[in-house]
Amino acid sequence: MLTAEDKKLIQQIWGKLGGAEEDIGAEALWRMFHSYPPTKTYFPHFDLSQGSDQIRGHGKKVVAALGTAIKNMDNLSQALSELSNLHAYNLRVDPPHFSLQFLSQCLQVVLATRLGKEYTPEVHSAVDKFMSAVAAVLAEKYR
Amino acid sequence: MVNWTAEEKQLITGLWGKVNVAECGGEALARLLIVYPWTQRFFSNFGNLSSPTAIIGNPKVQAHGKKVLTSFGEAIKNLDSIKKCFAQLSKLHCDKLHVDPENFRLLGDILIIVLAANYGKEFTPACQAAWQKMVRVVAHALAHEYH
């Protein structure tokens, strides 16, 4: 799936985020809630108003997990094993919502708005593939 | 009938007014073929699609992208009757082109990313939400006449 070139591009792009990870995570979530209202059903316990501490905190968590995944692209299954368990047994987010692009799409939109031309077709492709791979791992233990 | 709020219409038509249809359409179609290579199955007579560079530089890809996005523009002019507007195109995609409607969703999402890359901060969450709805409605309309 992920070629050596894809991995290199992903690491490069991640490197360019320079500490904005928390903002990016929060913005991606906010966009997701706005564009795909059904995703809010998984957060009834959250204050979902714009800029809420919970959205920021959760965005930071999500991006940190993606950061871990990026450091372990050769072994995603193991690196994300705990998260995989969590999603399968506790959170039980509808699997198509993973392989579907909701969060991936919104994350990519955030990256694209910040990187502009630098979000080249090659980078776009690599990130899309990477998010698919992460989604597949998180859905591994569903049944 | 789709319910568009005044704000949604403004966000859609406002951004559309700035879009270079030829460039944007070409870019969106090229990215579709690059990011989801299996979509190349519909374009076997387009010549060289062997690499991202080849795809981006391919004049047939650019021309077809422009055609597709121009058509999209028609939907924007007819926000209150998109299904009707696309009835013929829907039949064409089903009966002649044999395109799985899933591909419309893929192209729609790619278009959103192209807009995001081109308009940066201006492509606000509210703007994205309006456009995600737009591409969903277009995809739905194009699939409507399938049988």
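Letters A, B, ... mirror the listed sequences (proteins, then strands); counts begin at 1.
Only the side chain of B:N118 comes within less than 4.5 Å of a heavy atom in chain A; its backbone stays farther off. Looking at B:A30, neither its backbone nor its side chain comes within 4.5 Å of chain A, counting heavy atoms on both sides. B:F123 touches chain A through backbone and side chain together, each having a heavy atom under 4.5 Å away. Interface residue B:Q128: backbone and side-chain heavy atoms are both found under 4.5 Å from chain A. There is no contact between B:L115 and chain A, counting heavy-atom distances below 4.5 Å.
Nearest heavy-atom pair across B:V35 and A:P121 is CG2-O, 4.2 Å. Contact between B:A129 and A:S35 at its shortest, heavy atoms only, is CA-OG, 3.2 Å. Closest heavy-atom contact between B:P52 and A:E122: CB-OE2, 3.5 Å.
Remark: side-chain polar atoms of B:Q132 are not paired, donor with acceptor, to backbone N or O of A:Y36 under 3.5 angstrom.
When the shell of 6.0 Å around NZ of A:K141 is examined, it contains more than 12 heavy atoms from other residues, nucleotides or ligands. Summarising the local packing, CG of A:D53 is surrounded by 12 or fewer heavy atoms from other residues, nucleotides or ligands at distances under 6.0 Å. Enclosure of atom CD in A:Q12 by more than 12 non-hydrogen atoms of other residues, nucleotides or ligands within 6.0 angstrom is indicated. Counting non-hydrogen atoms of other residues, nucleotides and ligands closer than 6.0 Å to NZ of A:K7 gives a total above 12. Other residues, nucleotides and ligands contribute more than 12 heavy atoms inside 6.0 Å of the NZ atom of B:K121. No more than 12 heavy atoms of other residues, nucleotides or ligands shown are found within 6.0 angstrom of CD on B:E7. More than 12 heavy atoms of other residues, nucleotides or ligands sit less than 6.0 Å from atom CG of A:N90. For NZ of B:K133, the number of neighbouring non-hydrogen atoms (other residues, nucleotides, ligands) closer than 6.0 Å is greater than 12.
B:R31 CZ to A:T120 OG1: the interatomic distance, rounded to the nearest 0.5 Å, is 6.5 Å.
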Query - side chain to side chain contact (heavy atoms under 4.5 Å, CB included) between B:I113 and A:H124, worked out - result: CA-CA 9 Å; B:I113 290 177; A:H124 179 168; 3.6 Å; yes
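Contacts with chain A were tallied for B:I55, B:T124, B:V114, B:I112; B:T124 has the most, counting heavy-atom pairs under 4.5 Å.
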